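Quantities reported herein were computed from a predicted structural model and do not represent experimental measurements.
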Amino acid sequence: MKKILVFVTALFWITACEQEEILNNSGKEQEASTKSIIGKWNWIRTDGGLAFHIHETPKTTGKEITLEFKANNQFRKYVNGVLESQGTYSLSSRTCIHTHEEKQVISIPSEMDMMIESMDANNLQLSDENFDGLGSQYQRK
């Protein structure tokens, strides 16, 4: 009986992994990621730099930063409520230099490319994809 239970459990996990791979390799992943980034994101903090010496927040800098991504690929960056930059963004995949995993990158002509390190419904973690680079956290507005 134990062998059957182990076999059924293993079969379930193998099937679940295969289904996840199929979903992740379809063109729908790009579409879903585009939809999830759409909206306004408030800057929470930035950390990193050489020897991890940079630790900035809105309180320490006096800057309230909001990133806005629209469904029509338009981007806006506000600093203290004032529009600082705008343009068109695009999403692509690139291999991360830290984890060697494929991750999405946001490209904006007026800004440095930003790698999406992680994202869920309310949190966005971006990096500038340098070994001594910066990572910034945002929260959905």
Side-chain angles (χ1 to χ4, degrees), residues 2-141:
K2 278 186 179 179
K3 289 181 181 181
I4 293 173
L5 183 60
V6 170
F7 175 75
V8 170
T9 303
L11 184 62
F12 170 79
W13 284 109
I14 290 169
T15 305
C17 292
E18 286 176 5
Q19 287 174 349
E20 183 178 357
E21 244 179 74
I22 292 167
L23 291 173
N24 286 342
N25 288 330
S26 72
K28 293 181 182 175
E29 179 189 13
Q30 179 79 14
E31 186 177 307
S33 296
T34 301
K35 288 180 182 174
S36 63
I37 199 169
I38 293 170
K40 292 184 179 182
W41 299 88
N42 289 333
W43 175 58
I44 303 300
R45 67 178 304 114
T46 294
D47 297 291
L50 190 60
F52 205 67
H53 73 287
I54 296 172
H55 306 285
E56 298 177 339
T57 65
K59 186 176 180 179
T60 63
T61 63
K63 293 180 181 180
E64 298 284 336
I65 299 172
T66 301
L67 304 180
E68 181 180 16
F69 297 94
K70 294 188 172 198
N72 62 356
N73 286 47
Q74 292 299 304
F75 166 82
R76 290 190 174 120
K77 179 179 180 181
Y78 298 90
V79 178
N80 295 332
V82 177
L83 181 63
E84 182 179 88
S85 65
Q86 63 182 340
T88 303
Y89 73 92
S90 62
L91 293 173
S92 61
S93 292
R94 196 178 299 161
T95 303
C96 177
I97 62 173
H98 304 107
T99 64
H100 306 291
E101 297 174 319
E102 283 289 312
K103 295 185 179 181
Q104 286 198 312
V105 175
I106 305 167
S107 298
I108 303 164
S110 62
E111 303 281 331
M112 180 182 288
D113 284 358
M114 299 174 282
M115 181 161 284
I116 300 174
E117 294 294 337
S118 65
M119 178 174 43
D120 62 30
N122 297 310
N123 300 291
L124 176 64
Q125 177 76 34
L126 301 175
S127 75
D128 62 10
E129 192 59 7
N130 292 301
F131 285 111
D132 61 348
L134 300 175
S136 297
Q137 297 174 9
Y138 294 84
Q139 193 168 53
R140 191 176 294 276
K141 190 170 182 176

ring-ring contact (aromatic ring centres under 6.0 Å, His included) partners of F75, counting only residues at least two apart: F69
Donor-acceptor contact present, side-chain Y78 to main-chain E64, <3.5 Å: no
Partners meeting side-chain hydrogen bond (donor to acceptor under 3.5 Å, both in side chains) with T66 (sequence neighbours left out): N42
Donor-acceptor pair between S93 and Q104 side chains, under 3.5 angstrom: no
Polar side chain donor-acceptor pair, T88 to Q74, under 3.5 angstrom: yes
Residue pairs passing the salt bridge (charged side-chain N to carboxylate O under 4.0 Å, His left out) test where at least one lies in residues 116-126, sequence neighbours excluded: K103-E117
Pairs touching residues 81-96 that satisfy salt bridge (charged side-chain N to carboxylate O under 4.0 Å, His left out), sequence neighbours left out: K77-E84, R94-D113
Where S110 and Q86 come nearest, the two heavy atoms and their spacing: OG-O, 4.1 Å
E102 versus T95, closest heavy-atom pair with distance: OE2-OG1, 2.6 Å
Sub-4.5 Å side-chain heavy-atom contact between I106 and E111: no
Beyond-backbone contact of W43 with Q137, side-chain heavy atoms, under 4.5 angstrom: no
With D47 via salt bridge (charged side-chain N to carboxylate O under 4.0 Å, His left out) - residues at least two apart: R45
Residue list, salt bridge (charged side-chain N to carboxylate O under 4.0 Å, His left out) with R76, at least two apart or on another chain: none
